[in-house]
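See below for the structure under consideration.
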2 protein chains.
Amino acid sequence: MDIRGLRYFLATYKAGSVSAAARQCHVAQPSISAAIKQLEDELGTALFDRHAKGVRPTAAGQRLYPMAAGLLADSAAIVQSFRQPDQRQPLTLGLMRSLGAQRMSGWLQRLLQMEERFELTLVNPEEPCDARIITSSMCHPHEHFEPIWQDAYRLALPAGHPLTLKPRLGLADLHGQSFIIREHCEANAHFLQALHQQQLTVQPRAHLRTIEYSRALVQANVGLALVPDWPEHRKCTDMVLAELSDWQRTVVVGLAYSPDLPSALLEPLLQACTACQ
Amino acid sequence: MDIRGLRYFLATYKAGSVSAAARQCHVAQPSISAAIKQLEDELGTALFDRHAKGVRPTAAGQRLYPMAAGLLADSAAIVQSFRQPDQRQPLTLGLMRSLGAQRMSGWLQRLLQMEERFELTLVNPEEPCDARIITSSMCHPHEHFEPIWQDAYRLALPAGHPLTLKPRLGLADLHGQSFIIREHCEANAHFLQALHQQQLTVQPRAHLRTIEYSRALVQANVGLALVPDWPEHRKCTDMVLAELSDWQRTVVVGLAYSPDLPSALLEPLLQACTACQ
DNA sequence: AATGTCCATAATTTGTTCCGATACCAGATC
DNA sequence: GATCTGGTATCGGAACAAATTATGGACATT
């Protein structure tokens, strides 16, 4: 009986799938399979019924679940009780712009609730930091990258804009339109390039950095903009999000970290990441 | 936090010594040292004060002890609760003669109390069995051997025998004496050979197998005998145990087992062995 | 002083765990 | 039905962790 096996068992139980558990635990699927088999051998009983769409706990598995959870919680509590709460561990996170304040603050909240001992500092992603929350394309080659969200970029139109009436929008429809361009945005750059390739142009009306200002200008009917498809954008009544039939782009936002980040810092971060999915 | 580390910590705590814990856990001393250090790193605090005559738990170590014991007990209880009590595991032990009924039955009692699930069968050590309790000299070369007791052989004299008056006894004093010879006893054979080498002889009055009969004949004043130095022999008032100045022999009684004995059987056995020391 | 005991460290060997690739199975889709 | 998709089990080799032997230093005991 080892803790690792119980952790894998719990993850599998909660996920209802060995593969999903493997993704959550950041190990390969065979590791989980082997650990569960070992546990089953030790207990002398099957814990899961395997079938094509995942695994279903047996009666024994269901019986084990609360025990395993309890044991795991106990072991965590023991460690916790020895780590002084006053020896707060500093954690510096580099946050890219335009993450969506709501979503991001929720994520940070979850992280800090999970791990009392962190003392968090937020900086720009170019500055020295323990880990960064950025798009996958900003990730350095030596860094690991753990995805958190996927943002599909949409065209934001002011409510009542003539184009909102068209059932299908393509790049050609945007020719000559007023546009709010967000700098440092990969999706924007890609979009402009796609226009250029088709010899289409838009009229830049503003160059700015934050999504919040873009949105405000769209809502003020200054022009169109590309914005990520966030719930808070969909909720706006004075702005409409539209899909483009011949251009689409999603960026993956996630946690980038050096391979030699201490696991005491890394693990809670990764857990906060998977908790989002 | 892993179970193994906690096991080592507990053993060290109870033994008050890393080396002793290593012996009990059947691993080398550095393994324990490393595991404890790892645990200390994880908890962020020292668990033992090291000094020359062993280790003494710190306050943190004392605080950890009941928690660790609890966690370990919990994990064992979980495993236990899944192993059906009705699927008793057969265990066949080969017991050599002359082990000392009292001592041996105590050992077996301890074993069975420790492990409810065993269904014990006792056979002679030549018969097929899972493990044997024999002297080290009876151990086959491929078998592992775990010592349990050491038996020093002594000369048993009837109370009132003339030789009991001599302060020092040597082999030469035994020349021509009546003797009760126990067959299949390594110590007896060695003893007779030693006599032979010094061209001394004794008068064999009986050849028998069990220590109990030997003792009875000594007590009945039939002659002298070699018997192991057991408390029950010392307690006899009609028999005296004496040391020989120029001959001595101790045999090591222990558990002999094949290297591929399943650990589910082996571990409780080894635990019963170390519990004796 | 010399010896013995104990713990820590270093270097090596051994044994597990993990991974990627592959095989296989069952249900959904065409 | 053939194919595709998403799932699990199994295999051989790579990476890692754990155990071992050997050694050194600190403190008692002889």
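Keep in mind that the numbers below use all heavy atoms, side chains included, and drop hydrogens, waters and symmetry copies. Residue numbers begin at 1 in each chain, while the letters A, B, ... track the order of the sequences.
- DNA chain D is contacted by both A:A52 and A:P30; A:A52 maps to the nucleotide lying nearer its 5′ end (nearest heavy atom per residue).
- With ring centers used as reference points, A:Y153 lies 6.0 Å or more from A:F191.
- Following rounding to the nearest Å, A:Q29 (CD) and C:dT17 (P) show an atom-to-atom distance of 17 Å.
- As judged by a 4.0 angstrom heavy-atom cut-off over every strand, B:S31 is placed among the base-contacting residues.
- Rounded to an integer number of Å, the gap from NZ of A:K37 to C1' of C:dT17 is 14 Å.
- Taking a 6.0 Å sphere around CD of A:Q62, one finds it holds more than 12 heavy atoms contributed by other residues, nucleotides or ligands.
- Chain B approaches DNA chain D within less than 4.0 angstrom (heavy atoms of the protein), and the contacting nucleotides run 5' to 3' from D:dA18 to D:dC27.
- Looking at heavy-atom distances under 4.0 Å, B:Y8 makes contact with sugar-phosphate atoms alone, never a base.
- If you take CZ of B:R23 and C1' of C:dT5, they are 10 Å apart, rounded to a whole angstrom.
- Residue B:S33 has no polar side-chain atom (N or O) positioned under 4.0 Å from OP1 or OP2 of C:dT9.
- Atom-to-atom, NZ of A:K53 to C1' of C:dA28 comes out at 8 Å; the value is rounded to the nearest Å.
- When all heavy atoms of B:I134 and B:F145 are compared, the pair lying nearest together is O-CE1, 3.6 Å.
- Note that CZ of A:R132 and OG of A:S258 are 11.0 Å apart. Values are rounded to the nearest 0.5 Å.
- Cation-pi contact between B:R63 and A:F82: present, with separation from the ring centre below 6.0 Å and deviation from the ring axis of at most 45°.
- Put simply, CD on B:Q38 is 16 Å from C1' on C:dT9, counting in whole angstrom units.
- Listed here is the closest heavy atom pair of A:L265 and A:P90: CD2-O, 4.2 Å.
- For B:S17 and C:dC6, the shortest distance from a side-chain N or O to OP1 or OP2 is not below 4.0 Å.
- Across the protein-nucleic acid pair, A:R4 atom CZ and C:dG15 atom C1' stand 13 Å apart, rounded to whole Å.
- Under the 4.0 Å criterion applied to side-chain N and carboxylate O atoms, B:R50 and B:E40 are assigned as salt-bridge partners.
- Of all nucleotides listed (C:dC19, C:dT17, C:dC7), C:dC7 comes nearest to the side chain of B:V55.
- Proximity of B:R50 to the phosphate of C:dC6: no side-chain N or O atom is located under 4.0 Å from OP1 or OP2.
- The distance between atom CG of A:D2 and atom P of C:dT17, rounded to the nearest whole Å, is 7 Å.
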